Amino acid sequence: KQWYQRRVAITAGMVALNQLMLVAMPTYSTYGSQHYMVPDNGTMVTKPCDNHAPAGECQLTQLASIITRFTIHANLYGALVTYLLSAFVAAYVIGFVVAAVRRKRSILEKAAGNRDAEDDPLLNL
């Protein structure tokens, strides 16, 4: 492969990993470990940042800022990533179920299966 193909593949992988982090752990990857103070019955209470925080109290992380800005300006990208992540998770779950349910053949069964194929005159044309 050429050097630019490797860089494009690595960049695409990093974008996918960042998007996956934003989907898998949205609050932490959006705000990190930030907190804000809210008055409650005369005392100040500390709350972790989330989407319901007052405006200006919490800053987006660089990851969330870049991905959100890009997704807003490229609507097709946001829809495509959502459907591809769903397809990836579905394929992973299906593969896990198939691997867990399917019985593994022993070495003796594999050897017996190969011997039967050698003895079959129709397969040895």
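Computed from a predicted model, the values in this text were never measured in an experiment.
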(message) Applying side chain to side chain donor-acceptor pair (under 3.5 Å) as the test, list every pair that has at least one member in residues 26-53; sequence neighbours left out.
(response)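 Output for this query lists Y31-N51.
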
(request) Give a yes or no on this: more than 12 heavy atoms of other residues, nucleotides or ligands lie within 6.0 Å of atom CD of E57. (result)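 Counting other residues, nucleotides and ligands, CD of E57 exceeds 12 neighbours.
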
(message) Holding to side chain to side chain contact (heavy atoms under 4.5 Å, CB included), I want the full list of residues that pass it with S86, two or more places apart in sequence or in another chain.
(response)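 Expected list: none.
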
(message) Going by the rule side chain to side chain contact (heavy atoms under 4.5 Å, CB included), which residues pair with M44 if we only count those two or more places apart in sequence or in a different chain?
(response)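 Counting only residues at least two positions away or on another chain, M44 forms a side chain to side chain contact (heavy atoms under 4.5 Å, CB included) with M37, P39.
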
(message) Is there a continuous path of hydrophobic side-chain contacts, each under 4.5 Å between heavy atoms, that joins L63 to M25?
(response) yes

(request) Please check if any side-chain donor atom of T11 sits under 3.5 Å from a side-chain acceptor atom of R7, or the reverse. (result) no

